[in-house]
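Contents: one structure, followed by commentary.
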Amino acid sequence: MTTALRATLLLALGAAGAPRLVAQEIGTLTVQAGLARSLRPSTGSVHPAVRLDLSFVTGRFSLGPEVAAYATGPDSLGAHEGRGENVVTLGAATRYQLRAADLRPYLTAGLGAYFWESSHPTAPTGTYLSGSVGAGVFRSLNAAGSGLGIEARLHQVLQHTGLSTTRRFATLTAGFTLGW
């Protein structure tokens with residue numbers, strides 16, 4: 001086989017594989033907004049929530065950093081009734097798609113630092129190791145992985161905060177994902 005023929009075959013094989021490579025999703029940037037609610041009945045009002053994450057994608061699995069904010073106003077996300085607690089999270093989240101299709105249900109889990117700021121003088125403020133688990137549905141709009149999604153999660157502080165109860169809350173967010 002001549003060098004020119006080898007080069008032509010390699011070029012043809014590479015060109016045939018290029019559309020497949022372009023169609024593979026390798027990363028996403030997601031912006032979602034929604035609601036957060038304490039799981040304690042006495043502090044169970046609804047608050048605004050916003051989340052931003054950057055994920056690196058391999059097949060049905062994704063992993064990456066995320067940041068979120070939950071602004072509670074005069075009510076609480078779990079420590080004290082009638083006192084505001086704002087929470088900012090910084091950590092990592094992973095998702096596993098249950099099927100590869102245009103409509104993709106998935107499971108998610110996150111771990112990171114939750115920064116609690118409270119207006120109650122005896123409420124512990126500061127940074128606590130926390131985690132989240134949940135599920136969502138993503139609707140792909142193109143081959144690059146851009147689309148719309150909705151996600152529900154349960155969040156819980158994983159270390160002792162000095163309170164007699166555990167800080168837990170749930171979020172429901174929806175938004176847009178830009179894939180590449």
Side-chain angles (χ1 to χ4, degrees), residues 23-40 43-79 84-118 125-159 166-180:
Q24 288 182 337
E25 181 180 4
I26 59 171
T28 62
L29 175 66
T30 301
V31 178
Q32 291 192 335
L35 304 171
R37 185 178 192 277
S38 172
L39 296 179
R40 288 182 60 201
T43 60
S45 56
V46 177
H47 310 286
V50 65
R51 183 177 57 79
L52 172 74
D53 74 57
L54 174 68
S55 292
F56 303 95
V57 180
T58 302
R60 293 184 184 188
F61 179 75
S62 67
L63 173 68
E66 74 175 357
V67 62
Y70 311 104
T72 65
D75 292 315
S76 171
L77 271 178
E85 288 184 309
N86 297 316
V87 182
V88 173
T89 70
L90 179 60
T94 185
R95 289 174 185 80
Y96 179 75
Q97 294 177 5
L98 300 175
R99 73 174 194 216
D102 287 342
L103 190 61
R104 305 174 191 171
Y106 63 88
L107 301 175
T108 186
L111 185 67
Y114 283 45
F115 304 92
W116 291 79
E117 182 255 349
S118 178
T125 58
T127 305
Y128 299 99
L129 176 66
S130 303
S132 65
V133 294
V137 177
F138 177 76
R139 171 69 168 113
S140 179
L141 299 177
N142 63 26
S146 296
L148 304 172
I150 187 167
E151 182 175 292
R153 281 202 214 177
L154 298 174
H155 303 259
Q156 180 166 332
V157 173
L158 300 175
Q159 71 184 85
T166 302
R167 286 179 166 168
R168 300 187 272 209
F169 61 97
T171 57
L172 178 64
T173 56
F176 183 76
T177 296
L178 175 65
W180 62 89

Q: Determine, stepwise, if the pair Leu148 / Phe176 fulfils side chain to side chain contact (heavy atoms under 4.5 Å, CB included).
A: CA-CA 5 Å; Leu148 304 172; Phe176 183 76; 3.7 Å; yes
**Q.** Minimum heavy-atom distance Thr177-Gly145, with the two atoms named
**A.** CG2-O, 4.0 Å
Q | Shortest non-hydrogen contact between Ser130 and Val157, atoms and distance | A | OG-CA, 3.4 Å
Q. Do Tyr128 and Leu158 come within less than 4.5 Å of each other through their side chains, counting heavy atoms only?
A. no
Q: Give the minimum heavy-atom separation between Ser62 and Val57, together with the two atoms involved.
A: CB-CG2, 4.0 Å
(Q) On a heavy-atom basis, which atom in Gly147 and which in Leu141 lie closest, and how many Å separate them? (A) CA-CG, 3.7 Å
Q) Heavy-atom distance under 4.5 Å between the side chains of Glu151 and Tyr106, does that happen here? A) yes
Q. Residues two or more places apart in sequence or in another chain: which of them pass ring-ring contact (aromatic ring centres under 6.0 Å, His included) with Tyr114?
A. His155
Q | Side-chain donor/acceptor of Ser146 to backbone N/O of Gly179, under 3.5 Å | A | yes
**Q.** Residues in side chain to side chain contact (heavy atoms under 4.5 Å, CB included) contact with Glu66, at least two apart in sequence or another chain
**A.** Arg51, Asp53, Ala93, Arg95, Arg153
Q.
On a heavy-atom basis, which atom in Leu129 and which in Gln159 lie closest, and how many Å separate them?
A. N-OE1, 2.6 Å
Q.
Side chains of Thr94 and Leu107, heavy atoms from C-beta outward: is any pair under 4.5 Å?
A. no
**Q.** Heavy-atom donor-acceptor pair, Ser55 side chain to Leu63 backbone, under 3.5 Å
**A.** no
(Q) Test of understanding: with salt bridge (charged side-chain N to carboxylate O under 4.0 Å, His left out), list the residues that count as partners of Arg139, not counting sequence neighbours. (A) Asp102
